[in-house]
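First comes the structure, then the notes that go with it.
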There are 2 protein chains.
Amino acid sequence: MASSSATARRARPGSTDSPSGAKRDAILRAAIDVFAERGYFNAQVADVARAAGVAAGTVYLYFHNKDHLLVSIFERSMRDGLAESRATVAELRDPRERLRRLARGHLARLGNDRNLAIVFQVELRQSTKFMERFSATLLRDYLGLIRAAIADGQQDGTFRTDIKATVAAKMLFGALDEMATNWILSARRYSLEADADAVVDLFVNGARAR
Amino acid sequence: MASSSATARRARPGSTDSPSGAKRDAILRAAIDVFAERGYFNAQVADVARAAGVAAGTVYLYFHNKDHLLVSIFERSMRDGLAESRATVAELRDPRERLRRLARGHLARLGNDRNLAIVFQVELRQSTKFMERFSATLLRDYLGLIRAAIADGQQDGTFRTDIKATVAAKMLFGALDEMATNWILSARRYSLEADADAVVDLFVNGARAR
DNA sequence: GGCTAATGAATGAACATTCATTCACCCATG
DNA sequence: CATGGGTGAATGAATGTTCATTCATTAGCC
(Lines give C-alpha, C1' and ligand atoms only; values in the text may rest on other atoms or scores of the structure.)
Protein backbone atom coordinates (compact mmCIF):
# COMPACT_ATOMS: atom_id res chain seq x y z
CA MET A 1 0.00 0.00 0.00
CA ALA A 2 2.87 2.31 0.57
CA SER A 3 4.48 3.10 -2.74
CA SER A 4 1.98 2.01 -5.36
CA SER A 5 1.58 4.49 -8.17
CA ALA A 6 -1.87 5.25 -6.86
CA THR A 7 -0.48 7.13 -3.89
CA ALA A 8 2.46 8.39 -5.91
CA ARG A 9 3.46 11.65 -4.28
CA ARG A 10 5.76 13.70 -6.42
CA ALA A 11 9.16 12.06 -6.39
CA ARG A 12 11.39 13.76 -3.87
CA PRO A 13 15.01 14.36 -4.85
CA GLY A 14 16.81 12.89 -1.91
CA SER A 15 14.58 12.31 1.01
CA THR A 16 16.48 9.21 1.90
CA ASP A 17 19.72 8.89 0.00
CA SER A 18 20.30 10.48 -3.34
CA PRO A 19 23.57 9.83 -5.16
CA SER A 20 24.84 13.37 -5.61
CA GLY A 21 22.57 15.68 -3.62
CA ALA A 22 24.52 18.91 -3.81
CA LYS A 23 21.62 20.91 -2.49
CA ARG A 24 20.93 18.36 0.18
CA ASP A 25 24.54 18.68 1.29
CA ALA A 26 24.27 22.45 1.37
CA ILE A 27 21.21 22.26 3.60
CA LEU A 28 22.86 19.75 5.90
CA ARG A 29 25.97 21.88 6.17
CA ALA A 30 23.83 24.93 6.91
CA ALA A 31 21.96 22.97 9.56
CA ILE A 32 25.21 22.03 11.30
CA ASP A 33 26.28 25.66 11.38
CA VAL A 34 22.93 27.08 12.44
CA PHE A 35 22.29 24.44 15.10
CA ALA A 36 25.79 24.97 16.47
CA GLU A 37 25.27 28.71 16.54
CA ARG A 38 21.80 29.03 18.00
CA GLY A 39 21.07 25.59 19.41
CA TYR A 40 18.62 23.13 17.90
CA PHE A 41 15.48 24.26 19.66
CA ASN A 42 16.17 27.94 19.19
CA ALA A 43 17.09 27.56 15.56
CA GLN A 44 14.30 28.04 13.06
CA VAL A 45 14.02 26.00 9.92
CA ALA A 46 13.88 29.31 8.10
CA ASP A 47 17.35 30.14 9.45
CA VAL A 48 18.73 26.92 8.07
CA ALA A 49 17.11 27.61 4.72
CA ARG A 50 18.51 31.12 4.59
CA ALA A 51 22.00 29.90 5.46
CA ALA A 52 21.76 27.30 2.72
CA GLY A 53 20.53 29.87 0.23
CA VAL A 54 17.19 28.22 -0.41
CA ALA A 55 13.58 28.92 0.47
CA ALA A 56 12.07 27.55 3.66
CA GLY A 57 9.85 25.11 1.81
CA THR A 58 12.81 23.64 -0.04
CA VAL A 59 14.14 22.13 3.16
CA TYR A 60 11.05 19.94 3.19
CA LEU A 61 11.81 18.61 -0.26
CA TYR A 62 14.94 17.01 1.16
CA PHE A 63 14.06 16.32 4.77
CA HIS A 64 10.85 15.16 6.35
CA ASN A 65 10.97 17.65 9.19
CA LYS A 66 13.24 19.51 11.55
CA ASP A 67 14.08 16.42 13.58
CA HIS A 68 15.14 14.65 10.45
CA LEU A 69 17.80 17.28 9.90
CA LEU A 70 19.42 16.51 13.22
CA VAL A 71 19.14 12.79 12.73
CA SER A 72 20.66 13.07 9.27
CA ILE A 73 23.63 15.03 10.56
CA PHE A 74 24.14 12.35 13.15
CA GLU A 75 23.82 9.40 10.83
CA ARG A 76 26.02 10.76 8.13
CA SER A 77 28.84 11.73 10.46
CA MET A 78 28.49 8.51 12.36
CA ARG A 79 28.68 6.41 9.25
CA ASP A 80 31.80 8.23 8.04
CA GLY A 81 33.47 8.14 11.43
CA LEU A 82 32.84 4.48 12.00
CA ALA A 83 34.08 3.53 8.55
CA GLU A 84 37.26 5.48 9.13
CA SER A 85 37.74 3.93 12.54
CA ARG A 86 37.24 0.41 11.24
CA ALA A 87 39.74 0.99 8.48
CA THR A 88 42.28 2.36 10.93
CA VAL A 89 41.88 -0.54 13.29
CA ALA A 90 41.98 -3.20 10.61
CA GLU A 91 45.58 -2.58 9.70
CA LEU A 92 46.99 -2.51 13.23
CA ARG A 93 47.99 -5.36 15.45
CA ASP A 94 49.28 -3.82 18.65
CA PRO A 95 46.33 -3.11 20.98
CA ARG A 96 47.95 -0.05 22.47
CA GLU A 97 48.58 1.40 19.04
CA ARG A 98 45.02 0.63 18.02
CA LEU A 99 43.65 2.58 20.96
CA ARG A 100 45.98 5.46 20.22
CA ARG A 101 44.87 5.66 16.62
CA LEU A 102 41.20 5.35 17.51
CA ALA A 103 41.56 8.17 19.99
CA ARG A 104 43.43 10.36 17.53
CA GLY A 105 40.87 9.75 14.85
CA HIS A 106 38.01 10.50 17.20
CA LEU A 107 39.43 13.81 18.36
CA ALA A 108 40.73 14.75 14.93
CA ARG A 109 37.30 14.38 13.36
CA LEU A 110 35.73 16.64 15.95
CA GLY A 111 38.70 18.99 16.07
CA ASN A 112 38.53 19.60 12.34
CA ASP A 113 34.96 20.83 12.37
CA ARG A 114 34.08 22.85 15.42
CA ASN A 115 30.44 23.31 14.54
CA LEU A 116 29.99 19.63 13.91
CA ALA A 117 31.65 19.02 17.27
CA ILE A 118 29.18 21.35 18.95
CA VAL A 119 26.26 19.55 17.38
CA PHE A 120 27.68 16.22 18.53
CA GLN A 121 28.73 17.19 22.02
CA VAL A 122 25.82 19.43 22.86
CA GLU A 123 22.86 19.59 20.53
CA LEU A 124 22.59 15.90 19.87
CA ARG A 125 22.23 15.15 23.55
CA GLN A 126 18.92 16.86 23.91
CA SER A 127 16.20 14.73 25.24
CA THR A 128 16.63 11.06 25.93
CA LYS A 129 14.98 10.35 22.58
CA PHE A 130 18.04 11.44 20.64
CA MET A 131 20.36 10.18 23.33
CA GLU A 132 18.95 6.71 23.00
CA ARG A 133 19.37 6.77 19.28
CA PHE A 134 22.87 8.15 19.73
CA SER A 135 23.61 5.51 22.29
CA ALA A 136 22.18 2.66 20.28
CA THR A 137 24.67 3.16 17.49
CA LEU A 138 27.67 5.20 18.61
CA LEU A 139 27.94 3.54 21.96
CA ARG A 140 27.35 0.14 20.50
CA ASP A 141 29.55 0.13 17.43
CA TYR A 142 32.15 2.64 18.40
CA LEU A 143 32.51 1.42 21.96
CA GLY A 144 32.62 -2.03 20.45
CA LEU A 145 35.78 -1.15 18.57
CA ILE A 146 37.44 0.12 21.71
CA ARG A 147 36.30 -2.87 23.72
CA ALA A 148 37.64 -5.27 21.09
CA ALA A 149 41.05 -3.63 21.19
CA ILE A 150 41.11 -3.89 24.97
CA ALA A 151 39.92 -7.49 24.99
CA ASP A 152 42.60 -8.41 22.45
CA GLY A 153 45.13 -6.72 24.67
CA GLN A 154 43.93 -8.83 27.56
CA GLN A 155 44.35 -11.94 25.44
CA ASP A 156 47.91 -11.20 24.43
CA GLY A 157 49.00 -10.07 27.88
CA THR A 158 49.26 -6.36 27.16
CA PHE A 159 46.42 -5.39 29.49
CA ARG A 160 45.30 -6.50 32.91
CA THR A 161 42.76 -9.28 32.94
CA ASP A 162 41.18 -8.23 36.22
CA ILE A 163 39.31 -5.34 34.66
CA LYS A 164 36.14 -5.52 32.62
CA ALA A 165 36.80 -4.56 29.02
CA THR A 166 33.35 -3.01 28.82
CA VAL A 167 33.93 -0.72 31.75
CA ALA A 168 37.38 0.19 30.55
CA ALA A 169 36.04 1.02 27.10
CA LYS A 170 33.37 3.27 28.56
CA MET A 171 36.02 4.99 30.61
CA LEU A 172 38.26 5.70 27.70
CA PHE A 173 35.37 6.91 25.63
CA GLY A 174 34.18 9.11 28.49
CA ALA A 175 37.61 10.62 28.83
CA LEU A 176 37.77 11.44 25.11
CA ASP A 177 34.24 12.79 25.18
CA GLU A 178 35.14 15.09 28.02
CA MET A 179 38.19 16.37 26.16
CA ALA A 180 35.99 17.22 23.22
CA THR A 181 33.39 18.98 25.35
CA ASN A 182 36.04 20.97 27.15
CA TRP A 183 37.59 21.98 23.90
CA ILE A 184 34.29 23.30 22.61
CA LEU A 185 33.58 25.32 25.69
CA SER A 186 37.08 26.66 26.01
CA ALA A 187 37.87 30.04 24.56
CA ARG A 188 41.42 28.92 23.89
CA ARG A 189 42.01 27.42 20.48
CA TYR A 190 44.33 24.53 21.12
CA SER A 191 44.66 21.36 19.10
CA LEU A 192 42.10 18.85 20.25
CA GLU A 193 43.82 15.95 18.54
CA ALA A 194 46.91 16.53 20.65
CA ASP A 195 44.96 15.45 23.73
CA ALA A 196 44.56 11.96 22.36
CA ASP A 197 48.03 10.70 23.21
CA ALA A 198 47.91 12.04 26.76
CA VAL A 199 44.56 10.38 27.35
CA VAL A 200 45.63 7.01 26.00
CA ASP A 201 48.89 7.15 27.90
CA LEU A 202 47.09 7.84 31.14
CA PHE A 203 44.55 5.16 30.36
CA VAL A 204 47.23 2.57 29.69
CA ASN A 205 49.77 3.46 32.33
CA GLY A 206 47.64 5.00 35.04
CA ALA A 207 48.37 8.00 37.22
CA ARG A 208 50.37 6.13 39.83
CA ALA A 209 54.05 6.84 40.16
CA ARG A 210 56.17 3.80 39.42
CA MET B 1 18.26 51.44 40.29
CA ALA B 2 17.38 47.82 40.46
CA SER B 3 15.69 47.19 43.77
CA SER B 4 14.55 50.61 45.00
CA SER B 5 11.09 50.62 46.53
CA ALA B 6 9.93 52.75 43.61
CA THR B 7 9.97 49.74 41.33
CA ALA B 8 8.69 47.50 44.11
CA ARG B 9 6.84 44.72 42.43
CA ARG B 10 4.76 42.62 44.77
CA ALA B 11 7.19 40.76 46.97
CA ARG B 12 7.71 37.29 45.62
CA PRO B 13 7.90 34.49 48.16
CA GLY B 14 11.10 32.86 47.12
CA SER B 15 12.23 34.04 43.75
CA THR B 16 15.82 33.93 44.88
CA ASP B 17 16.22 32.15 48.17
CA SER B 18 13.51 31.87 50.74
CA PRO B 19 14.27 30.23 54.06
CA SER B 20 11.67 27.47 54.11
CA GLY B 21 9.92 27.41 50.71
CA ALA B 22 7.94 24.20 50.97
CA LYS B 23 5.94 25.05 47.89
CA ARG B 24 9.03 26.17 46.06
CA ASP B 25 10.59 22.81 46.82
CA ALA B 26 7.52 21.00 45.57
CA ILE B 27 7.66 22.89 42.28
CA LEU B 28 11.36 22.22 41.89
CA ARG B 29 10.90 18.55 42.60
CA ALA B 30 8.05 18.41 40.08
CA ALA B 31 10.23 20.16 37.53
CA ILE B 32 12.98 17.56 37.95
CA ASP B 33 10.49 14.77 37.37
CA VAL B 34 8.69 16.36 34.47
CA PHE B 35 11.86 17.50 32.70
CA ALA B 36 13.35 14.03 33.13
CA GLU B 37 10.20 12.44 31.76
CA ARG B 38 9.42 14.62 28.77
CA GLY B 39 12.60 16.61 28.24
CA TYR B 40 12.96 20.29 28.96
CA PHE B 41 11.76 21.68 25.65
CA ASN B 42 8.84 19.32 25.35
CA ALA B 43 7.72 19.84 28.92
CA GLN B 44 5.13 22.51 29.49
CA VAL B 45 5.15 24.76 32.50
CA ALA B 46 1.57 23.66 33.02
CA ASP B 47 2.79 20.06 33.38
CA VAL B 48 5.20 21.08 36.08
CA ALA B 49 2.48 22.99 37.87
CA ARG B 50 0.09 20.05 37.69
CA ALA B 51 2.73 17.65 39.00
CA ALA B 52 3.42 20.01 41.88
CA GLY B 53 -0.27 20.36 42.62
CA VAL B 54 -0.45 24.09 41.97
CA ALA B 55 -1.87 26.33 39.29
CA ALA B 56 0.20 27.34 36.29
CA GLY B 57 0.48 30.93 37.43
CA THR B 58 1.86 29.91 40.80
CA VAL B 59 5.07 28.71 39.22
CA TYR B 60 5.74 32.32 38.29
CA LEU B 61 5.44 33.42 41.87
CA TYR B 62 8.51 31.36 42.67
CA PHE B 63 10.48 31.38 39.45
CA HIS B 64 11.03 34.11 36.91
CA ASN B 65 10.44 31.87 33.92
CA LYS B 66 10.88 28.38 32.57
CA ASP B 67 14.63 28.72 32.18
CA HIS B 68 14.92 29.74 35.77
CA LEU B 69 13.47 26.39 36.80
CA LEU B 70 16.28 24.52 35.07
CA VAL B 71 18.93 26.87 36.39
CA SER B 72 17.54 26.53 39.91
CA ILE B 73 17.66 22.75 39.77
CA PHE B 74 21.23 23.00 38.64
CA GLU B 75 22.35 25.52 41.21
CA ARG B 76 20.71 23.86 44.15
CA SER B 77 22.07 20.40 43.36
CA MET B 78 25.44 21.84 42.55
CA ARG B 79 25.65 23.72 45.80
CA ASP B 80 24.71 20.64 47.80
CA GLY B 81 27.02 18.36 45.88
CA LEU B 82 29.99 20.65 46.15
CA ALA B 83 29.49 21.19 49.87
CA GLU B 84 29.34 17.45 50.40
CA SER B 85 32.42 16.90 48.28
CA ARG B 86 34.40 19.55 50.11
CA ALA B 87 33.46 18.05 53.45
CA THR B 88 34.48 14.60 52.28
CA VAL B 89 37.80 15.77 50.98
CA ALA B 90 38.64 17.91 53.99
CA GLU B 91 38.97 14.99 56.32
CA LEU B 92 41.15 12.80 54.10
CA ARG B 93 44.86 12.91 53.59
CA ASP B 94 45.66 10.12 51.14
CA PRO B 95 45.18 11.41 47.57
CA ARG B 96 44.06 8.06 46.29
CA GLU B 97 41.46 7.77 48.96
CA ARG B 98 40.29 11.30 48.27
CA LEU B 99 39.71 10.49 44.63
CA ARG B 100 37.90 7.33 45.56
CA ARG B 101 35.56 9.15 47.91
CA LEU B 102 34.94 11.98 45.45
CA ALA B 103 34.03 9.47 42.79
CA ARG B 104 31.77 7.52 45.09
CA GLY B 105 30.02 10.67 46.23
CA HIS B 106 29.55 11.84 42.66
CA LEU B 107 28.01 8.61 41.45
CA ALA B 108 26.04 8.07 44.65
CA ARG B 109 24.34 11.44 44.35
CA LEU B 110 23.25 10.72 40.80
CA GLY B 111 22.50 7.08 41.50
CA ASN B 112 20.14 7.96 44.31
CA ASP B 113 17.91 10.13 42.18
CA ARG B 114 17.49 8.87 38.67
CA ASN B 115 15.39 11.78 37.48
CA LEU B 116 17.87 14.27 38.81
CA ALA B 117 20.56 12.30 37.04
CA ILE B 118 18.65 12.54 33.77
CA VAL B 119 18.28 16.28 34.15
CA PHE B 120 21.99 16.59 34.85
CA GLN B 121 23.29 14.23 32.22
CA VAL B 122 20.89 15.10 29.45
CA GLU B 123 18.57 18.05 29.88
CA LEU B 124 21.09 20.43 31.34
CA ARG B 125 23.34 20.04 28.34
CA GLN B 126 21.00 21.69 25.94
CA SER B 127 22.42 24.61 24.12
CA THR B 128 25.83 26.00 24.82
CA LYS B 129 24.17 28.65 26.97
CA PHE B 130 23.44 26.18 29.74
CA MET B 131 26.59 24.24 29.04
CA GLU B 132 28.68 27.30 29.61
CA ARG B 133 26.95 28.02 32.87
CA PHE B 134 27.33 24.38 33.80
CA SER B 135 30.95 24.45 32.83
CA ALA B 136 31.72 27.70 34.61
CA THR B 137 30.81 26.25 37.97
CA LEU B 138 30.82 22.47 37.92
CA LEU B 139 33.91 22.18 35.82
CA ARG B 140 35.66 24.89 37.72
CA ASP B 141 34.92 24.05 41.33
CA TYR B 142 34.32 20.35 41.09
CA LEU B 143 37.16 19.68 38.68
CA GLY B 144 39.20 21.88 40.98
CA LEU B 145 38.70 19.43 43.82
CA ILE B 146 39.84 16.54 41.68
CA ARG B 147 42.79 18.44 40.33
CA ALA B 148 43.88 19.44 43.84
CA ALA B 149 43.83 15.82 44.96
CA ILE B 150 45.92 14.81 41.97
CA ALA B 151 48.35 17.69 42.39
CA ASP B 152 48.78 16.79 46.06
CA GLY B 153 49.44 13.23 45.01
CA GLN B 154 52.12 14.48 42.66
CA GLN B 155 53.70 16.41 45.51
CA ASP B 156 53.87 13.47 47.86
CA GLY B 157 55.06 11.02 45.25
CA THR B 158 51.85 9.03 44.87
CA PHE B 159 51.21 10.11 41.30
CA ARG B 160 53.40 10.61 38.26
CA THR B 161 54.70 14.10 37.81
CA ASP B 162 54.93 13.85 34.03
CA ILE B 163 51.19 14.24 33.54
CA LYS B 164 49.23 17.46 33.71
CA ALA B 165 46.91 17.43 36.72
CA THR B 166 44.35 19.41 34.72
CA VAL B 167 44.17 16.89 31.93
CA ALA B 168 44.08 13.99 34.36
CA ALA B 169 41.25 15.61 36.29
CA LYS B 170 39.23 16.11 33.13
CA MET B 171 39.83 12.50 32.24
CA LEU B 172 38.62 11.17 35.55
CA PHE B 173 35.62 13.43 35.46
CA GLY B 174 34.84 12.39 31.91
CA ALA B 175 35.02 8.74 32.89
CA LEU B 176 32.61 9.25 35.77
CA ASP B 177 30.32 11.30 33.59
CA GLU B 178 30.21 8.54 31.04
CA MET B 179 29.36 5.97 33.69
CA ALA B 180 26.45 8.12 34.77
CA THR B 181 25.18 8.64 31.24
CA ASN B 182 25.41 4.94 30.50
CA TRP B 183 23.56 4.11 33.65
CA ILE B 184 20.70 6.40 32.69
CA LEU B 185 20.37 4.98 29.24
CA SER B 186 20.71 1.40 30.32
CA ALA B 187 17.59 -0.62 30.94
CA ARG B 188 19.42 -2.65 33.55
CA ARG B 189 19.14 -1.32 37.07
CA TYR B 190 22.58 -1.81 38.52
CA SER B 191 24.22 0.21 41.25
CA LEU B 192 25.88 3.26 39.77
CA GLU B 193 27.95 3.93 42.85
CA ALA B 194 29.63 0.55 42.47
CA ASP B 195 31.30 1.78 39.28
CA ALA B 196 33.25 4.37 41.23
CA ASP B 197 35.91 2.05 42.59
CA ALA B 198 36.54 0.38 39.25
CA VAL B 199 36.97 3.76 37.58
CA VAL B 200 39.35 5.10 40.18
CA ASP B 201 41.35 1.88 40.20
CA LEU B 202 41.75 2.02 36.45
CA PHE B 203 42.60 5.70 36.61
CA VAL B 204 45.27 5.15 39.23
CA ASN B 205 46.77 1.88 38.05
CA GLY B 206 46.12 1.98 34.34
CA ALA B 207 45.09 -0.83 32.04
CA ARG B 208 48.55 -2.18 31.45
CA ALA B 209 49.45 -5.59 32.77
CA ARG B 210 52.25 -5.43 35.32
C1' DG C 1 -11.30 44.39 56.66
C1' DG C 2 -6.97 44.43 54.92
C1' DC C 3 -3.21 41.84 53.25
C1' DT C 4 -0.74 38.46 50.47
C1' DA C 5 -0.82 33.97 48.14
C1' DA C 6 -2.87 31.52 44.69
C1' DT C 7 -5.67 30.81 40.72
C1' DG C 8 -6.51 29.75 35.80
C1' DA C 9 -8.63 31.77 31.76
C1' DA C 10 -7.08 34.79 28.26
C1' DT C 11 -3.43 36.64 25.43
C1' DG C 12 -0.33 36.92 21.85
C1' DA C 13 3.95 35.69 19.88
C1' DA C 14 6.61 32.25 17.79
C1' DC C 15 7.28 28.88 14.32
C1' DA C 16 6.88 24.28 11.89
C1' DT C 17 4.68 22.97 8.03
C1' DT C 18 1.75 23.30 3.82
C1' DC C 19 0.54 24.20 -0.85
C1' DA C 20 -0.95 27.12 -4.75
C1' DT C 21 1.89 29.22 -7.78
C1' DT C 22 6.11 30.30 -10.45
C1' DC C 23 10.18 29.07 -12.79
C1' DA C 24 13.61 26.60 -15.61
C1' DC C 25 14.54 23.24 -18.45
C1' DC C 26 13.93 19.55 -21.95
C1' DC C 27 12.62 17.73 -26.18
C1' DA C 28 9.13 16.50 -29.73
C1' DT C 29 7.28 18.55 -33.49
C1' DG C 30 6.55 21.41 -37.62
C1' DC D 1 15.96 25.79 -35.98
C1' DA D 2 12.14 27.88 -33.41
C1' DT D 3 8.23 26.81 -30.62
C1' DG D 4 5.35 25.33 -26.92
C1' DG D 5 3.80 22.45 -23.59
C1' DG D 6 4.91 19.19 -20.07
C1' DT D 7 7.53 18.10 -15.94
C1' DG D 8 8.95 18.62 -11.45
C1' DA D 9 11.94 21.59 -8.51
C1' DA D 10 11.61 25.71 -5.90
C1' DT D 11 9.26 29.36 -3.70
C1' DG D 12 7.44 31.96 0.32
C1' DA D 13 3.14 33.72 2.10
C1' DA D 14 -0.47 31.90 4.84
C1' DT D 15 -2.11 28.72 8.31
C1' DG D 16 -2.99 26.76 12.61
C1' DT D 17 -1.23 25.21 16.68
C1' DT D 18 1.24 25.27 20.63
C1' DC D 19 2.61 27.27 24.81
C1' DA D 20 4.92 30.77 28.03
C1' DT D 21 3.41 34.38 30.46
C1' DT D 22 0.13 37.79 32.46
C1' DC D 23 -3.25 39.67 35.45
C1' DA D 24 -7.96 40.43 37.14
C1' DT D 25 -10.07 37.94 40.48
C1' DT D 26 -10.68 34.90 44.52
C1' DA D 27 -9.45 32.66 48.86
C1' DG D 28 -7.40 32.38 53.26
C1' DC D 29 -5.58 34.32 57.26
C1' DC D 30 -4.40 37.65 61.04
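A note on names: the letters A, B, ... follow the listed sequences, proteins ahead of strands, and every chain is numbered from 1.
The aromatic rings of B/Trp183 and B/Tyr190 stand perpendicular to each other, their planes meeting at an angle above 60°, with 30° marking the opposite boundary.
With rounding to whole Å, B/Phe35 atom CZ is found 13 Å from D/dC19 atom P. The nearest whole Å value for the distance from the OH atom in A/Tyr60 to the P atom in C/dC15 is 13 Å. The NZ atom of A/Lys66 sits 14 Å away from the C1' atom of D/dT18 (whole-angstrom rounding). If you take CZ of B/Arg50 and P of C/dA6, they are 19 Å apart, rounded to a whole angstrom. One can place CG of B/Asp47 at 13 Å from P of D/dT18, the figure rounded to the nearest angstrom. Rounded to an integer number of Å, the gap from CG of A/Leu69 to P of C/dA16 is 10 Å. Distance, B/Phe41 CZ to D/dT18 C1': 15 Å, rounded to whole Å. Atom pair A/Phe63:CZ and C/dT18:P shows a separation of 16 Å (rounding to whole Å applied).
Listed nucleotides D/dC19, C/dA6, D/dA10 differ in distance to B/Gln44; the shortest reach to its side chain belongs to D/dC19. The side chain of A/Leu61 sits closest to D/dA10 out of C/dT7, D/dA10, C/dA16. Side-chain proximity of A/Lys23 to D/dT21, D/dA10, C/dT17: nearest is D/dA10.
The environment of CZ in A/Arg93 is sparse: at most 12 heavy-atom neighbours from other residues, nucleotides or ligands sit within 6.0 Å.
The residues A/Arg29 and A/Asp25 are annotated as not salt-bridged, no charged nitrogen and carboxylate oxygen being separated by less than 4.0 angstrom. The pair A/Arg96-A/Asp201 fails the salt-bridge criterion, with no side-chain N (NZ, NE, NH1 or NH2) lying under 4.0 Å from an Asp/Glu carboxylate O. Salt-bridge formation is not detected for the pair A/Asp152/A/Arg147: no Lys NZ or Arg NE/NH1/NH2 atom is positioned less than 4.0 Å from an Asp or Glu carboxylate oxygen.
Comparing A/Ala56 and B/Thr58 along DNA chain C, the residue whose closest nucleotide (by nearest heavy atom) sits nearer the 5' end is B/Thr58.
As judged by a 4.0 angstrom heavy-atom cut-off over every strand, A/Ala43 is placed among residues touching the sugar-phosphate backbone only.
Contact check, B/Tyr62 against C/dA5: no side-chain N or O comes under 4.0 Å of OP1 or OP2.
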